[in-house]
Every structure is written in structure tokens, then in C-alpha cells.
Amino acid sequence: MKHSLCFQNPILKGSIKVPGDKSISHRSIMFGALAEGKTVVRGFLKGDDCLSTIQCFRSMGVQIDESENEIIIHGVGFSGLKEPKELLDVGNSGTTTRLLLGILAGLPFHSVVIGDESIASRPMRRVTDPLKKMGAKIDGRENGQYTPISVRGGKLSPIEFIMPHASAQLKSAIIFAGLQAEGITTIIEPEKTRDHTERMIEHFGGSITRDHNRITIEGGQQFKGQTVNVPGDISSAAFFLVAGAIVNGSQLTLTDVGLNPTRDGIIDVLNQMGADLTVECEKDRAEPVSTLTIKSSQLTSVEIGGSIIPKLIDEIPIIALLATQALGTTIIKDAEELKVKETNRIDAVVQELKKLGANIDATEDGMIIHGPAVLHGGMVSSRGDHRIGMMLAVAALLTNEEVQIDGFEAISVSYPEFLSDLHSIAVNQ
Ligand code: S3P
């Protein structure tokens with residue numbers, strides 16, 4: 001589906017409550033299913049990815065009720081999950097795929113995980129290799145690298161696993177397997193990645209030990225159903241933070257935004273670039289929450305690399321757009337993981353932004369952006385990637401010419417109401 005956007009000297013004013021955090025929403029369904037008793041989830045993201053997670057657990061016999069404001073999961077525990085009759089279809093969701101594989105690894109039945117074209121090209125051996133080491137029988141295209149992947153789970157042994165990639169999906173998969181292994185599993189991260197799985201284990205009454213980048217988890221724990229309040233997704237808020245920072249004369253407030261310290265890299269980047277940003281932290285729930293107010297200002301370039309990368313990995317497409325409006329040369333490095341996201345996000349960002357007049361080049365592990373650039377209209381593509389689609393829609397605010405985005409429907413993966421939220425705060429002058 002093509003979507004055309006054409007703004008005339010817009011300014012952005014008002015307040016938005018972005019939809020629930022995608023990572024936390026996935027995990028709320030998984031832990032709700034793995035706990036005994038009822039779990040109530042409020043603020044759940046009803047995007048395609050999280051709906052895929054719901055469907056996979058329904059296929060394993062879990063009753064999940066959806067109403068306007070709540071999701072109710074009737075948990076069955078690890079041992080209550082049933083062999084699915086149908087294929088487990090993860091759609092476009094890498095998080096569902098990898099975390100689910102960790103759960104399936106310890107379950108005494110056969111299952112087959114499939115997904116869309118993008119999932120079928122994303123590397124899974126990073127997960128399937130260590131799960132095989134723990135004792136699961138897993139196969140898939142290219143020796144377990146690509147979906148469809150079949151799993152015959154069963155008794156698992158614990159491992160000490162030094163993660164070759166800074167990936168929360170990989171870490172979480174091994175945690176889920178470790179929860180089913182006999183004994184203590186140890187995981188060592190190269191850099192700290194998002195810790196929603198660890199927080200949720202504690203929220204559901206389990207325990208996990210964390211010492212710098214070393215995580216230990218004991219198998220055989222039982223969880224109890226809980227209420228989960230999902231905060232707004234910082235990765236969705238990021239589009240409006242950047243829009244407010246770069247569209248002259250703007251002031252935007254974003255309420256109820258999750259500000260987990262393993263996800264707040266974009267806040268550091270905005271501050272370093274000279275953004276006019278106010279962060280008000282609210283009461284600390286299982287996950288920290290904040291209200292963010294951004295006003296447009298003069299921005300300068302920045303260098304981004306090293307341990308901050310996992311804290312902003314999903315925000316790099318929109319940070320690239322931000323950098324096109326900053327004075328100087330922005331360098332983004334150590335971000336090769338971008339190549340194996342929903343699409344190759346280094347190529348997608350660079351090639352699509354070039355079409356709109358950005359001065360941007362790809363490197364092996366990131367990109368170099370020279371700013372400020374005057375953007376113009378054009379025909380671009382989301383390449384089936386929700387975050388590329390939304391970044392290009394924000395780029396359309398910077399020109400009075402038409403920007404036509406092919407494949408715009410991809411945004412429904414994480415932010416189905418993105419367009420109406422954008423139009424609710426953009427006033428043409
Ligand atoms: C996620 C982890 C990250 C992130 C993805 C969600 C998660 O992926 O990019 O959008 O919920 O654990 P990686 O683990 O591949 O870095």
C-alpha cells in the first residue's frame with residue numbers, strides 16, 4: 001500500500017500517549033502463560049507482532065481473553081502447554097521467534113515455527129545452536145539457521161553461555177531454556193541489553209541473579225499470575241521526540257513512556273545533540289515510567305558507538321533522520337546488528353533517506369551523516385519494515401513536497417495508530 005504525505009510548514013503541538021511497549025507486551029503473554037493462575041495485562045500493544053505471540057500461545061492450549069482495555073491470560077505453567085496441532089506462525093516478529101524457541105526447547109512435544117519472508121531471512125542459529133547444546137532437538141533450513149524451524153523439546157541441561165552478540169532476544173531465549181533446565185544456567189553478555197525478561201521473572205515471583213554482565217538462573221521455578229501495567233514504548237515515542245526536536249516551533253509532550261535504563265540511549269543522544277528535552281520520572285513500577293517534553297532547537301552532530309548501541313538499537317533509523325538536521329558530521333558505529341533486523345536497516349536508512357536529499361553514507365557497521373540537509377519530496381519505501389516506514393513519515397514533515405511511502409502498512413507491527421497520532425499533533429501553517 002502506498003501512502004502519500006504532504007505537510008505545509010507544519011508545527012507540532014500537543015500531547016500523545018504512545019501505545020504499549022512491544023518487548024514488554026510479548027513477555028507479558030509469555031509469563032502469563034507460564035505462570036499458574038490469572039494474569040491481567042493493561043496497556044498491551046495490539047500490534048501485529050504481539051498478536052502473533054498471543055496466537056502462538058493459544059495454539060498451545062492457553063486461554064487468552066481480549067477486551068478493549070485488558071488482556072487476560074489463564075496461565076497453565078510450562079507443564080500445561082500442549083503440543084500445537086497447527087504451525088506456530090510468528091508473522092514478522094523476531095522477538096516471538098527467538099523467545100518462543102527458548103520456551104519450546106524444554107517442552108516434551110514437537111512444534112514447527114514459521115514466519116513471513118523477512119523472518120525467513122533472519123539468523124536463528126545464534127539461538128538454536130546453544131539450545132541444541134542444552135539438549136533440544138532442533139532443525140531448520142541451513143542447519144537451524146532459518147525458519148521453518150522444527151523443535152522436539154525435552155529434558156535440558158544447564159550451560160554457561162558467553163553470548164557472541166549483544167541481543168536481548170538471544171539472552172531471553174537462553175533464560176527461558178534455563179528456567180526449564182536442571183541446575184544453574186549462566187549467561188554472560190558482551191554489553192548490557194534490555195532487561196525486561198529479568199524484571200518480569202521477579203515480577204512473577206521468580207528469581208534471577210545479575211552481576212554486571214553475568215546472569216544466573218535456576219531451573220524449575222514456578223511463577224504466579226500477576227497484573228502487568230505495560231508502559232508506552234520509548235521506541236514508538238522516539239519518532240515524536242525526533243519530530244518535535246527538528247520541526248521548527250514545535251512543542252510535544254509524551255506521557256506514560258517506559259524509561260528503562262537499558263532502553264534510554266535516545267535520551268542521551270538527544271541531550272548530547274543539544275535538544276530541549278525535559279524528563280519527568282514518575283513512580284517506579286516494575287518498569288520505570290516518565291513524561292517527556294520536547295521543544296525544537298538548534299542541534300549539533302554526535303558520535304554514537306560502543307555500549308550505548310543496544311540501548312538505542314531500534315531508534316537508529318529515526319536518529320539518522322535527526323542527524324540530517326544537526327550541524328556537523330554524525331557517526332554511528334558498532335551497529336552491525338542493524339543488518340539483521342526486519343530489513344537491512346543500514347542499507348534501508350541510507351538509500352531511502354538519500355532519495356529525499358540527505359547527505360548520508362553507509363559504513364560496515366553503521367553510517368555517516370552530514371548535516372544540516374534540506375530534504376525534499378520523493379517516492380520511498382518502508383521495505384516492509386515498520387520503523388523505516390515511520391521514520392520516512394517523520395521526514396515528510398521537513399518538506400512541503402509530497403512524500404510517497406510504499407509499503408506503509410508495515411507500521412501496524414508496532415504502532416497501528418501512528419498516522420492518526422501524527423495528524424493529531426501536526427498543524428499546517
Ligand atoms: C528485542 C530485542 C532487540 C530489539 C527488538 C526487540 C526484545 O533485538 O531490536 O526490537 O524484545 O528482546 P535483538 O535481541 O536482536 O537485539
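Both backbone and side-chain heavy atoms feed into the values below; hydrogens, waters and symmetry mates do not. We count ligands from 1, going down the list as the structure has it; atoms in each ligand are counted the same way. Start at 1 with the first residue, then count along the sequence. Because the structure is a prediction, the values reported are computed rather than measured.
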Q: For Asp314, counting its heavy atoms only, list the atoms of ligand 1 lying under 4.0 Å from any of them.
A: 4 (C), 5 (C), 9 (O), 10 (O)
(Q) Applying ring pair (Phe, Tyr, Trp, His ring centres under 6.0 Å) as the test, list every pair that has at least one member in residues 167-204; sequence neighbours left out. (A) Phe31-Phe176, Phe31-Phe204
Q) Counting only heavy atoms, which portion of Arg194 has something under 4.0 Å from ligand 1: side chain, backbone, both, or neither? A) side chain
Q.
Less than 4.0 Å is my threshold; does some heavy atom of Arg27 fall inside it relative to ligand 1?
A. yes
Q) For Glu337 and ligand 1, does the shortest N/O to N/O distance drop below 3.5 Å? A) no
(Q) Return the CG to CD distance between Leu34 and Gln221, rounded to the nearest 0.5 Å. (A) 12.0 Å
Q.
So, regarding Ser23 and ligand 1 (criterion: nitrogen or oxygen to nitrogen or oxygen, under 3.5 Å), is there a contact or not?
A. yes
(Q) Out of all atoms in ligand 1, which are within 4.0 Å of some heavy atom of Lys341? Include the element for each. (A) 3 (C), 4 (C), 8 (O), 9 (O), 13 (P), 15 (O), 16 (O)
Q: Report the nearest protein non-hydrogen atom to atom 14 (O) of ligand 1: residue, atom name, distance rounded to 0.1 Å.
A: Ser167 OG, 2.6 Å
Q. With a cut-off of 6.0 Å (strictly less than), are more than 12 heavy atoms of other residues, nucleotides or ligands near CD of Glu86?
A. yes
Q. Do other residues, nucleotides or ligands put more than 12 heavy atoms under 6.0 Å from the NZ atom of Lys355?
A. yes
Q: Determine which pairs satisfy salt bridge (charged side-chain N to carboxylate O under 4.0 Å, His left out) with at least one residue from residues 23-37, sequence neighbours left out, and list them in order.
A: none
(Q) Are any of the N/O atoms on Leu99, whether in the backbone or the side chain, positioned under 3.5 angstrom from an N/O atom of ligand 1? (A) no
Q) Should the ring pair Phe78 and Phe223 be called parallel, tilted or perpendicular, given that the plane angle runs from 0 to 90° and is split at 30 and 60? A) tilted
Q: Look up atom CD1 in Ile174 and atom CZ in Arg126, then write down how far apart they are to the nearest 0.5 Å.
A: 11.5 Å
Q) When you measure from atom 2 (C) of ligand 1 to each heavy atom in Arg122, Gln169, Lys171, Arg98, which option holds the nearest one? A) Gln169
